[in-house]
Amino acid sequence: MSEISHSPIAGSARLLRVGLWAVFYALVLAAWVGVARMGATRPGADLGAMPADFWAALCLSAGQADLAALYAMWALMSLAMMLPTFVPALSTFADLGHAGAGGARAMAALVAGYMLVWLGAAAAGALAQAGLSKAGLLSPLGVSLSPWLTAALLFLAGGYQFSRLKQACLTKCRLPLTFFIERWRPGPLAALRMGAQLGALCLGCCWALMALGFVGGTMNLLWMGAATAFMVLEKLPDIGRWLTRPAGWLLIFTGFWALTRALTLV
């Protein structure tokens, strides 16, 4: 009798979790549509119903654009690239919810905490792009114009792949169940805090790779897609451990190539 009386409540909880997953993936899709629209903003491009001045400010005038517009670009890019990497942790949290350890509100709070960290990191990216653009080191589309800057970014990202901080953050990201067992507290506020902690760990894993946007182009969809796929795979325990160090060596080798090119231009 007890099981029957509680089944409508359990069914409602399941529906709410399904709805939250739908909202999550809709958010990811909306972010990618946004960056795709930004990438399509070129002189003479068809902007459809989009406000042309807004998108042009985002994409074509990074060095002179309103900083808020540049931040909007980085916020969209950060959410588009980093939310997919959060799926394993969110799925683990949802499984704990099935076991009665958390609910739909806590699940939403976890995502919110994670997003807050990356929305904060987007501000740093926007400020960096504005500064580098004003210094003449970036094109309007966020691509490095200096082989010295390109080499420095590649060496930085490659070397960071071998750092203890990267390994420590990556270990936590690859084992979300262990993370939740160690830090679990009930309620949405605790979930918000755990989401922010996961966001900080993810930032510790990925900030140097995100900085490579200045090499590939901050609005280059091909680079964004490749970087997102790599970061998703790097967080998977069985696959990621075979990727981190080889990627580091590849980036360092490419950095030497860029450095050689810089020296030939002196």
Side-chain angles (χ1 to χ4, degrees), residues 1-32 78-121 165-207 209-210 225 227-244:
M1 191 61 131
S2 160
E3 291 180 3
I4 295 174
S5 63
H6 284 80
S7 61
I9 297 175
S12 297
R14 280 195 297 271
L15 284 174
L16 189 52
R17 279 193 290 269
V18 169
L20 285 171
W21 275 112
V23 171
F24 177 82
Y25 284 116
L27 184 61
V28 173
L29 179 61
W32 276 101
S78 296
L79 294 181
M81 296 179 69
M82 303 317 304
L83 282 177
T85 75
F86 191 53
V87 169
L90 185 58
S91 180
T92 300
F93 189 86
D95 289 341
L96 292 171
H98 292 318
R105 290 175 59 200
M107 187 175 165
L110 187 82
V111 176
Y114 182 83
M115 287 173 55
L116 283 173
V117 171
W118 279 103
L119 290 174
L165 179 58
K166 166 91 178 190
Q167 295 304 317
C169 292
L170 202 49
T171 298
K172 295 290 187 183
C173 289
R174 286 173 178 167
L175 300 171
L177 180 59
T178 302
F179 171 88
F180 289 125
I181 290 172
E182 291 174 349
R183 292 171 172 78
W184 187 266
R185 297 289 184 279
L189 185 60
L192 181 72
R193 190 181 304 114
M194 287 188 289
Q197 290 170 342
L198 283 167
L201 289 169
C202 183
L203 182 61
C205 288
C206 303
W207 69 269
L209 294 173
M210 289 290 285
T228 302
F230 177 83
M231 289 185 287
V232 168
L233 293 173
E234 192 181 32
K235 286 186 178 182
L236 301 178
D238 293 336
I239 299 174
R241 61 195 181 94
W242 299 104
L243 296 178
T244 301

Visitor: Can you give each donor-acceptor pair under 3.5 Å made by side-chain atoms of residues 79-87, sequence neighbours left out, with the distance rounded to 0.1 Å?
Guide:
from	atom 1	to	atom 2	distance (Å)
T85	OG1	M82	O	2.7
T85	OG1	Y114	OH	3.1
T85	OG1	K235	NZ	3.1

Visitor: If you measure from OG1 on T244 to CG on L170, what distance do you get to the nearest 0.5 Å?
Guide: 5.0 Å
Visitor: List the atom of C169, the atom of C205, and the distance in Å for their closest heavy-atom pair.
Guide: C-SG, 3.4 Å
Visitor: Of all residues at least two apart in sequence or in a different chain, which pass the ring-ring contact (aromatic ring centres under 6.0 Å, His included) check with F230?
Guide: none
Visitor: Rounded at 0.5 Å granularity, tell me how far CG in L236 sits from SG in C173.
Guide: 11.5 Å
Visitor: Rounded to the nearest 0.5 Å, what separates atom SG in C206 from atom CH2 in W118?
Guide: 5.5 Å
Visitor: Over all heavy atoms of both residues, which pair between A106 and A191 is shortest? Give the atoms and the distance, please.
Guide: O-CB, 3.2 Å
Visitor: Quick one: CG on L233 to CG on D238, what's the gap to the nearest 0.5 Å?
Guide: 12.0 Å
Visitor: Determine, step by step, whether F179 and T92 satisfy the side-chain contact (heavy atoms from CB on, under 4.5 Å) criterion, reporting the C-alpha distance in whole Å, the side-chain angles of both residues, the deciding distance to 0.1 Å, and the verdict.
Guide: CA-CA 10 Å; F179 171 88; T92 300; over 6 Å; no
Visitor: Start with the C-alpha distance between F93 and W184, add both sets of side-chain angles, then the distance that settles side-chain contact (heavy atoms from CB on, under 4.5 Å), and finish with yes or no.
Guide: CA-CA 10 Å; F93 189 86; W184 187 266; 3.3 Å; yes
Visitor: I would like to know whether D95 and F180 meet side-chain contact (heavy atoms from CB on, under 4.5 Å); could you show each step before the answer?
Guide: CA-CA 11 Å; D95 289 341; F180 289 125; over 6 Å; no
Visitor: Does the side chain of M210 come within less than 4.5 Å of M231's, by heavy atoms?
Guide: yes
Visitor: Could you measure the distance from the CG atom of L110 to the CZ atom of R193? Nearest 0.5 Å is fine.
Guide: 12.5 Å
Visitor: According to the salt bridge (charged side-chain N to carboxylate O under 4.0 Å, His left out) rule, which pairs have a member within residues 165-180, sequence neighbours left out?
Guide: K166-E234, K172-E182
Visitor: Assess whether side-chain contact (heavy atoms from CB on, under 4.5 Å) is satisfied between V117 and L198, documenting all intermediate values.
Guide: CA-CA 9 Å; V117 171; L198 283 167; over 6 Å; no
Visitor: Is the number of heavy atoms from other residues, nucleotides or ligands within 6.0 Å of CZ (R105) greater than 12?
Guide: no
